[in-house]
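Accompanying notes for the structure given below.
This chain uses plain numbering: 1 for the first residue, then up along the sequence. Keep in mind that the numbers below use all heavy atoms, side chains included, and drop hydrogens, waters and symmetry copies.
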Amino acid sequence: MKKYLISMCCLLPMAVSANLREYNASVENSEWTLGEQTRLICELKHPIPGYGIASFVTEASKQLNLEFVLDMLRLPNRYDTATVYSVAPKWMPGVAQKTIGKMNLRKQYDGDLPSESAWEMLTELEKGFWPTIHYQDWNNRYDSVAVALNSSNFEPSYLAFSHCVTNLLPYSFEDIAYTVLSYKKSSVDLTNYSKRRLDMIGDYLKEDIALELVLLDGYSDSYGGSWNNLQLSIRRANEIRDYFAAQGVDTARIEVTGHGEKRHVSPNDNELSRAKNRRVIIQLAKL
């Protein structure tokens, strides 16, 4: 249902207010719901009747991140720019609007905003304001459009969204997609650092096991016989394969190769250098 906001018309630029089409949920029907909730992604969604869905999305990463996405029923048919305001609802008379930022509108793409503007939108919603995207209509040269996010009923879902963000893994798929595990001398025992690294990968795989391919390449130093070292490198890679299988990864997607003493990355003339050659390289790929 499209609803016209009397107060907003007064706050947006006067040159276009006479032909302003506005989209927003009514106070009674304003919904804020949680979309995906895992340790990899958190999503907060707000339907805008007659227009589309506004979403705030953050993903597991070393850095806190957030993106605002405006999923439109009718996508832009040209490149343009929208202005994002923080507008006071009608029950806050006399409060001036504030400019949050600019949104680039790309032909046949949803609108989106980067982290800084997205976080500002959330804080304005938390205070009861209505972030509003304003632009010249691309289908009618006489009209402009205002798309508002209604802050009614925002707080409970926002609190749940914040808890989800707190629980996100502090690393992304790219951070673990290429990993080198190191081993103790003449054994399949990982070093303490590599154990922690493998645990990180395991925690990730518990949330996302949709891997297209896992490559495991085992290596050894040159201490001992070459045949024994080849078998040892295979055992090391096979144990990692079994670990991934226990996390739910389809073994048909895992390729294991033992290289033994081949392809050293460091000389073998002292213990410190040899330790760098005792390794399994993990390469993960996903669709």
Side-chain angles (χ1 to χ4, degrees), residues 23-25 30-49 51-87 97-135 138 145-177 203-204 207-208 210 286-287:
Y23 297 88
N24 63 274
S30 176
E31 295 181 11
W32 288 91
T33 59
L34 295 174
E36 289 190 68
Q37 290 185 84
T38 69
R39 297 197 70 195
L40 302 180
I41 186 170
C42 303
E43 184 178 23
L44 181 62
K45 305 175 73 173
H46 177 62
I48 303 171
Y51 190 88
I53 299 175
S55 300
F56 294 89
V57 182
T58 181
E59 298 181 348
S61 175
K62 290 180 178 178
Q63 302 295 327
L64 186 61
N65 62 89
L66 183 70
E67 183 181 25
F68 171 75
V69 178
L70 188 60
D71 185 356
M72 312 175 195
L73 294 175
R74 289 178 294 174
L75 295 172
N77 61 15
R78 67 167 186 257
Y79 295 91
D80 207 341
T81 302
T83 303
V84 184
Y85 299 99
S86 175
V87 178
Q97 70 182 27
K98 297 176 288 186
T99 300
I100 292 176
K102 298 289 185 180
M103 173 187 287
N104 292 324
L105 299 175
R106 296 162 293 170
K107 187 175 180 179
Q108 295 301 303
Y109 279 90
D110 292 328
D112 56 71
L113 282 169
S115 186
E116 183 176 348
S117 296
W119 283 117
E120 190 170 345
M121 291 175 74
L122 281 180
T123 58
E124 291 300 300
L125 282 161
E126 191 176 13
K127 293 185 292 186
F129 292 94
W130 293 25
T132 303
I133 299 98
H134 182 265
Y135 59 88
W138 47 79
V145 176
V147 184
L149 279 61
N150 189 330
S151 61
S152 302
N153 305 316
F154 171 75
E155 193 168 324
S157 293
Y158 179 54
L159 180 60
F161 175 77
S162 298
H163 284 306
C164 181
V165 173
T166 301
N167 199 41
L168 286 172
L169 292 175
Y171 49 88
S172 65
F173 176 78
E174 288 71 24
D175 296 322
I176 61 168
D203 286 342
Y204 186 93
E207 304 294 334
D208 182 5
K286 59 188 294 187
L287 294 174

Side chain to side chain contact (heavy atoms under 4.5 Å, CB included) evaluation trace for H163 with C42: CA-CA 9 Å; H163 284 306; C42 303; over 6 Å; no
field: Derivation and outcome, side chain to side chain contact (heavy atoms under 4.5 Å, CB included), residues W138 and V145
entry: CA-CA 9 Å; W138 47 79; V145 176; over 6 Å; no
query: Crowded around Q63 CD? As in, over 12 foreign heavy atoms under 6.0 Å?
result: no
Do [X] and [Y] have side-chain heavy atoms sitting under 4.5 Å apart?
| X | Y | result |
| --- | --- | --- |
| I53 | V69 | no |
| S117 | V84 | no |
| D110 | L75 | yes |
| T99 | T83 | yes |
| W32 | L44 | yes |
| N24 | L149 | no |
| E67 | L113 | no |
| Y85 | I133 | no |

task: Starting from the C-alpha separation in whole Å, work towards a yes-or-no answer on side chain to side chain contact (heavy atoms under 4.5 Å, CB included) for E207 and R39.
output: CA-CA 7 Å; E207 304 294 334; R39 297 197 70 195; 3.5 Å; yes
- line: The side chain to side chain donor-acceptor pair (under 3.5 Å) partners of K98 (sequence neighbours excluded) come to E124
- request: Could you tell me which residues satisfy ring pair (Phe, Tyr, Trp, His ring centres under 6.0 Å) with F129, sequence neighbours excluded, listed by chain and number?
  value: none
query: Which atom names give the shortest non-hydrogen contact between L70 and A54, and what distance separates them?
result: CD1-CB, 4.2 Å
task: Can you see which heavy atom on S151 is nearest to which on G128, and at what distance?
output: OG-O, 3.0 Å
query: Will you find, in the side chains of S172 and E174, an N or O donor that is under 3.5 Å from an N or O acceptor?
result: yes
message: Do T123 and W119 pair up side chain to side chain, a donor and an acceptor below 3.5 Å, judged on atom types alone?
response: no
- prompt: Salt bridge between D112 and R106, side-chain N to carboxylate O under 4.0 Å?
  reply: yes
query: Looking at D208 and K286, does any basic side-chain N land under 4.0 Å from a carboxylate oxygen?
result: yes
field: Worked check of side chain to side chain contact (heavy atoms under 4.5 Å, CB included) between F161 and T58
entry: CA-CA 10 Å; F161 175 77; T58 181; 4.0 Å; yes
task: Mark yes or no for whether H46, through its side chain, and E31, through its backbone, hold a donor-acceptor pair below 3.5 Å.
output: yes
